[in-house]
Amino acid sequence: VGTRVMALLPGGGYAQRVVIPERMALPIPDALTFEQAAAIPEAFLTAQEALFALGRLEAGQTVLIHAAAGGVGSAAVQLAHAHGARVVATAGSRDKLDRVRGLGADTLVDYKAEDFAETVSQVTAGRGADVVLDFVGAAYFEKHMRCLAIGGRLVVIGVLGGVTAELNLAQLLMRRTQILGLVMRSRPVADKIAISRAFSRNWLPRFAGGALRPVVDSVFPLSDARAAHERMEQNANVGKIVLAI
């Protein structure tokens, strides 16, 4: 009783109180506020699952992270960098990219002005990315298939750019490409507990010393949830938008 905790919720987080299985509760590091802690579970647990459980990212490999200034993207940049991977990160403005550089990205791509597939090819001497974290879906699918290394893993987290793409199965076979889908909200409780326990062991201690940090864009009172959503829709945020109770 009285322990400050945070957790990955299936929904219903806009509330003063929620109920969760106790093993899903993660202790909040002493140095962090509740508002900072609120920016951790969904972003970092999703990034952990995408990079390591599905993407099997290893030290020395190259990962392409889209939406790197967003909640999951900014968490993924930090985790991949801490793991010893080379990080190619995309965002839509130089201001956002400057913030992402400070999180550990090695190569920055302004997706509005540059071709990320060409950049990946250049920095890997034509080998390609071992892992791609894809929030876009169909609009980038053909480019992703081109810029993946042989044996590369495409982890689809979002489909903002469409849900239907054409797949060349011969290319898939020849290059041994893997396409993996990730959703967290509908996962069984047992899965969420396992993911939370792994995060507690492997990554949570690093927040205490500042090696990892939640990226909080802004904090709105719960009564201003509409304004928070409007900021999100404007795509102006870097990191998470937090509602304070």
Side-chain angles (χ1 to χ4, degrees), residues 8-11 42-43 45-57 61-77 80 87-93 96-97 100 107-122 124 126-188 191-192 195 229-230 232-237 240-241:
L8 176 69
L9 300 178
E42 184 172 22
L45 269 66
T46 302
Q48 171 194 253
E49 193 75 354
L51 289 170
F52 307 119
L54 274 68
R56 305 188 313 282
L57 181 68
Q61 292 187 334
T62 299
V63 57
L64 170 63
I65 300 174
H66 289 294
V72 176
S74 61
V77 169
V87 179
V88 180
T90 76
S93 71
K96 287 187 175 183
L97 289 171
V100 171
T107 302
L108 306 172
V109 180
D110 179 349
Y111 69 82
K112 294 181 179 178
E114 302 170 85
D115 186 326
F116 65 80
E118 289 184 5
T119 300
V120 168
S121 180
Q122 290 169 4
T124 62
R127 181 179 178 276
D130 300 283
V131 179
V132 173
L133 298 197
D134 177 17
F135 298 85
V136 179
Y140 281 179
F141 185 77
E142 189 272 334
K143 274 191 175 184
H144 285 153
M145 297 303 288
R146 281 196 288 113
C147 74
L148 276 168
I150 293 176
R153 286 81 70 193
L154 173 63
V155 183
V156 182
I157 306 173
V159 288
L160 294 172
V163 299
T164 303
E166 184 173 313
L167 173 62
N168 183 328
L169 291 175
Q171 181 187 44
L172 184 78
L173 294 173
M174 292 295 294
R175 299 184 63 80
R176 304 193 304 278
T177 305
Q178 296 181 51
I179 304 170
L180 305 139
L182 174 62
V183 63
M184 298 290 280
R185 181 180 295 267
S186 60
R187 297 284 286 272
D191 282 7
K192 291 180 180 177
I195 292 167
H229 277 267
E230 288 172 348
M232 191 189 316
E233 290 164 7
Q234 293 163 3
N235 195 28
N237 58 296
K240 296 292 284 183
I241 301 170

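Between His66 and His144, the angle of the ring planes lies from 30° to 60°, which puts this pair in the tilted group.
The closest side-chain heavy-atom distance from Ile179 to Leu172 is below 4.5 Å. Residues Asn235 and Lys96 form a side-chain contact, since some pair of their non-hydrogen atoms from C-beta on lies under 4.5 Å apart. Contact annotation: the side chain of Ile195 approaches that of Gln48 to within less than 4.5 Å [non-hydrogen atoms, C-beta and beyond].
Between atom OG1 of residue Thr62 and atom CG of residue Leu148 there is a gap of 11.5 Å, rounded to the nearest 0.5 Å. Between the CG atom of Leu154 and the CE atom of Met145 there is a distance of 7.0 Å, given to the nearest 0.5 Å. Summarising the geometry, atom CG belonging to Asp134 is positioned 11.5 Å from atom CG belonging to Leu180; distances are rounded to the nearest 0.5 Å. Distance CZ/Arg176 to CZ/Arg153: 11.0 Å, rounded to 0.5 Å. In this structure, NZ on Lys112 lies 7.0 Å from OG on Ser93, to the nearest 0.5 angstrom. Between the CG atom in Leu51 and the CG atom in Leu133 there is a gap of 5.0 Å [rounded to 0.5 Å].
Residue Gly55 comes nearest to Val131 through the heavy atom pair O-CG2, 3.3 Å, listed as atom of the first residue, atom of the second, then distance. Across Leu57 and Phe52, no two heavy atoms sit closer than the pair O-CD2, 3.8 Å. Counting all heavy atoms, side chain and backbone alike, Lys192 lies closest to Arg185 at NZ-O, 2.9 Å. Considering all non-hydrogen atoms of both residues, Asp110 and Leu97 come closest at N-CD1, 3.6 Å. Listed here is the closest heavy atom pair of Glu42 and Thr46: O-OG1, 2.6 Å. Contact record, Gly181 with Leu54: O-CD2, 3.5 Å, taken as the closest heavy-atom pair.
Within the 3.5 Å criterion, the main-chain N or O of Gly71 finds a donor-acceptor partner in the side chain of Ser74.
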CA sep, side-chain torsions, deciding dist, call: Leu182, Arg187, side chain to side chain contact (heavy atoms under 4.5 Å, CB included): CA-CA 10 Å; Leu182 174 62; Arg187 297 284 286 272; 3.6 Å; yes
Verdict with supporting geometry, Gln122 and Thr107, side chain to side chain contact (heavy atoms under 4.5 Å, CB included): CA-CA 11 Å; Gln122 290 169 4; Thr107 302; over 6 Å; no
Candidate pair Phe135 and Val72, rule side chain to side chain contact (heavy atoms under 4.5 Å, CB included), full reasoning: CA-CA 10 Å; Phe135 298 85; Val72 176; 3.7 Å; yes
Side chain to side chain contact (heavy atoms under 4.5 Å, CB included) evaluation trace for Asp115 with Lys143: CA-CA 9 Å; Asp115 186 326; Lys143 274 191 175 184; 3.5 Å; yes
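Applying the side chain to side chain contact (heavy atoms under 4.5 Å, CB included) test between Leu108 and each of Thr119, Val88, Val100 identifies Val100 as the sole match.
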